[in-house]
There are 2 protein chains.
Amino acid sequence: MKHITIKDVARKLNVSVSTVSRAFNDKYDIRTETKELILKTAEEMGYRPNPIARKLIQQRSLNIGIIVPEFVNSFFPEVIMGAQEILLEKGYQVLIMQSNESWETEFNNVKTMVDNMVDGLIISLSCENQNIENYKKLIDSDMPIVFFNRVVEDLPASKVVFDDFKWAFFATEHLLVQGHRDIVHLTGPKNLTLSKNRLKGFDAAHRKYKVPLGRKVACSFSMEAGAKVALEMIENKEVPSAIFAASDQSAIGAMKVFKEHGYEIPKDIAFVGFSESRLAEHIVPALTSVSQPTRDIGQTAANLLLEQIETKGLFVPQTIVLNGRLNVRESSMKI
Amino acid sequence: MKHITIKDVARKLNVSVSTVSRAFNDKYDIRTETKELILKTAEEMGYRPNPIARKLIQQRSLNIGIIVPEFVNSFFPEVIMGAQEILLEKGYQVLIMQSNESWETEFNNVKTMVDNMVDGLIISLSCENQNIENYKKLIDSDMPIVFFNRVVEDLPASKVVFDDFKWAFFATEHLLVQGHRDIVHLTGPKNLTLSKNRLKGFDAAHRKYKVPLGRKVACSFSMEAGAKVALEMIENKEVPSAIFAASDQSAIGAMKVFKEHGYEIPKDIAFVGFSESRLAEHIVPALTSVSQPTRDIGQTAANLLLEQIETKGLFVPQTIVLNGRLNVRESSMKI
DNA sequence: AAGGTTTCCGAAAACGTTTCCGAAACAAAA
DNA sequence: TTTTGTTTCGGAAACGTTTTCGGAAACCTT
């Protein structure tokens, strides 16, 4: 079965190709009757303009690409949905790719997107410091990009981020106020800015309350990592009075191990997570966590991108910092 | 900044456009030295073939589209990752879209994908009976498609599904064996085949054990729906001895309400869910659930699709049924 | 009736490739 | 030497659009 092209329509109606094109593009220089006639018979024939050809000549696609490092956790999907909401509204289609936390596939993803001539990109980096040269080139070549969540400072692009410092501060403060003086921080991947900021917030809270800085333990964003760290603590008999984890996943993994070893939460050890996962309010005890405005992140990223696309060129990158909330639950409540 | 085209490369080397093209396409009729020379200087100039133009002429893209109804739950993301694994391997890029459970956006997604000339589609339907005419047309026009998870019978395409009947049967049987005689089934959306099959399995187990068929309550795949149903049961004083839910979400939502009303699980009421969510093993009590081989689903779907693409035309649609597992946990344990 | 505008449309170039066809150039065979 | 074959390459058409340019017709204006 062959595709029906603009030529078929033109031939059928004995008009020129350009006239048909005009009908489909709302050009001013066409009589309304002929336009309607063309539209009608085109519809009947089942003709739809081929966007590939259109892209080739127009150099735009009405497609937006979103690249995320993973999406088995609900965080990124929720962000994507937020972005999609407003992009669909504006007539854009949203293409999603996931990099599996590998900067190499991330790079390939970007290539595919660019090759497909997306009009803009929304990206959350998988790792830092790997692709930034490529991104710099891309930005130089005027590709509209906005980064979110996982960003790197020295990239001249719009960013929408979360105030990790502030909320890590609040989360730690919450534990300090409850009387905890021996808090361990499970950090995130070292190379992520967001990890650094959460760590800084953790320290800052200690300083404010004139408490000696708490210990930090390296730990990635997974339950397994949290569990492993917890086990080590128990074996080394270095169990703190509270744990502030840089992610809900690691917090939950650790909680599980402590529970299995007979520790009572929050009596024996208190927990605070970060970046509210779906699990947080359903596990027992419910996990105190900092929740990020996922949907909002997606929406502002999308709006920023659209703005940039429309003003093309004369656009100065903005960084938008969004606010969160500390959901206090049982896992950190004083008894 | 303008794109570097094949012409630029050709001009620079004083060769023709076709020669450059040949160099990039491993054609036989080109001398190896010139080929290497071209490849080298093209690399230096930063030239990469424009896939849009290539698609236009070749009518293929090396892109595969995957469309899912949602991805805030881990199920679909995991399937996608399975598919992506094997597709990337074969040199395909994977474009993902999500329909938000709306058949209309699903339809638009399909259009976008087709317009972008994907070489094949992997789809999980959002609702049945809405788009099937469109899909029939698409299949007629030789677009390779494989459906998974949410499928509709009378579509002549490959499918990879889960044996919902069998595992609903086992899940119910598990409850019956534990002595429960008053089991309520929270069904999924009525129009989905998988809901129907799970319901049939539920009934079949009853019949095998010569127990009067249990009650069914309509309930969609969300925690809220489960909670609402649970509340009604409590208010109407129609609390059964066990609940078999068609999804973990509804099970968990219901569990929460029952716990809040002082019911002890599994003593007062037992629970079994379906389609193992990440929550299942982390809530308290841990939820017994049927787990699906998500990664495997994605992989077989991808393989089926590739096979279909390669054998083009002379391909007979297959339906592959995958196996699962019943993870028995506290929520359904006899005391 | 002449001139000037406006409205509508067709021809053709362009976007960046691939591919078909044929032509050099050269070697091998007669 | 001529013929045949092989290798390597260039020219040009094609993919399906959009867009520029120009021209014909129709409509006004004096």
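Both backbone and side-chain heavy atoms feed into the values below; hydrogens, waters and symmetry mates do not. The chains referred to below are lettered A, B, ... by the order of the sequence lines, with proteins before strands, and numbering in each begins at 1.
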Write down the atom of A:Ile145, the atom of A:Gln308, and the distance for their closest heavy-atom approach.
O-OE1, 3.5 Å

Any residue in residues 37-58 of chain B with a heavy atom nearer than 4.0 angstrom to DNA chain D? Just list them by number, or reply none.
B:Leu56, B:Ile57

What's the closest nucleotide to the B:Ser18 side chain, out of C:dG10, C:dT18, D:dA12?
D:dA12

B:Thr34 vs D:dC9: side-chain N/O to OP1/OP2 distance below 4.0 Å:
yes

Would you say NZ of A:Lys12 has more than 12 non-hydrogen atoms from neighbouring residues, nucleotides or ligands within 6.0 angstrom?
no

Could you tell me the separation between the CD atom of A:Glu33 and the P atom of C:dT7, rounded to a whole number of Å?
15 Å

Between B:Asp8 and B:Arg11, is the closest basic N to carboxylate O distance under 4.0 Å?
yes

Check whether any side-chain N or O of A:Thr19 sits under 4.0 Å from OP1 or OP2 of C:dC9, and answer yes or no.
no

Spacing between A:Leu13 atom CG and C:dG10 atom P, to the nearest angstrom
10 Å

Give the rounded distance in Å between these two atoms: CZ of A:Arg60 and P of D:dT17.
17 Å

Within the 4.0 Å heavy-atom criterion, would you say A:Val15 contacts the bases, only the backbone, or no part of the nucleic acid?
sugar-phosphate

Rounded to whole Å, how long is the line connecting atom NZ of B:Lys27 with atom C1' of C:dT17?
12 Å

Counting distance only, does the side-chain N/O of B:Thr294 pair as donor-acceptor with the main-chain N or O of B:Val79 below 3.5 Å?
no

Please report the distance, rounded to the nearest Å, between CE in B:Met117 and P in C:dT17.
16 Å

Let me know the distance between CG of B:Asn14 and P of D:dC9, rounded to the nearest Å.
13 Å

Is the A:Phe76 to B:Phe71 ring centre distance short of 6.0 Å?
no

Separation between CE of B:Met113 and CG of B:Asp119, rounded to the nearest 0.5 Å:
12.5 Å

Are A:Phe75 and A:Phe221 an aromatic pair by the rule of ring centers under 6.0 Å?
no

Nearest whole angstrom, please: distance from the P of C:dC9 to the NZ of A:Lys35.
12 Å

Indicate whether OP1 or OP2 belonging to D:dC9 is found under 4.0 Å from a side-chain N or O atom of B:Arg31.
yes

Counting only side-chain N and O atoms of A:Ser16, is one of them less than 4.0 Å from OP1 or OP2 of C:dG10?
yes

Contact under 4.0 Å: B:Lys7 side-chain N or O vs C:dG16 OP1/OP2:
no

Taking only the side-chain nitrogens and oxygens of B:Arg22, find out if one of them lies under 4.0 Å from OP1 or OP2 of C:dT19.
no

Between CD1 of A:Ile6 and C1' of C:dG10 the distance, given in whole Å, is 13 Å

Do A:Asp29 and C:dC9 have a side chain to base donor-acceptor pair shorter than 3.5 Å?
yes

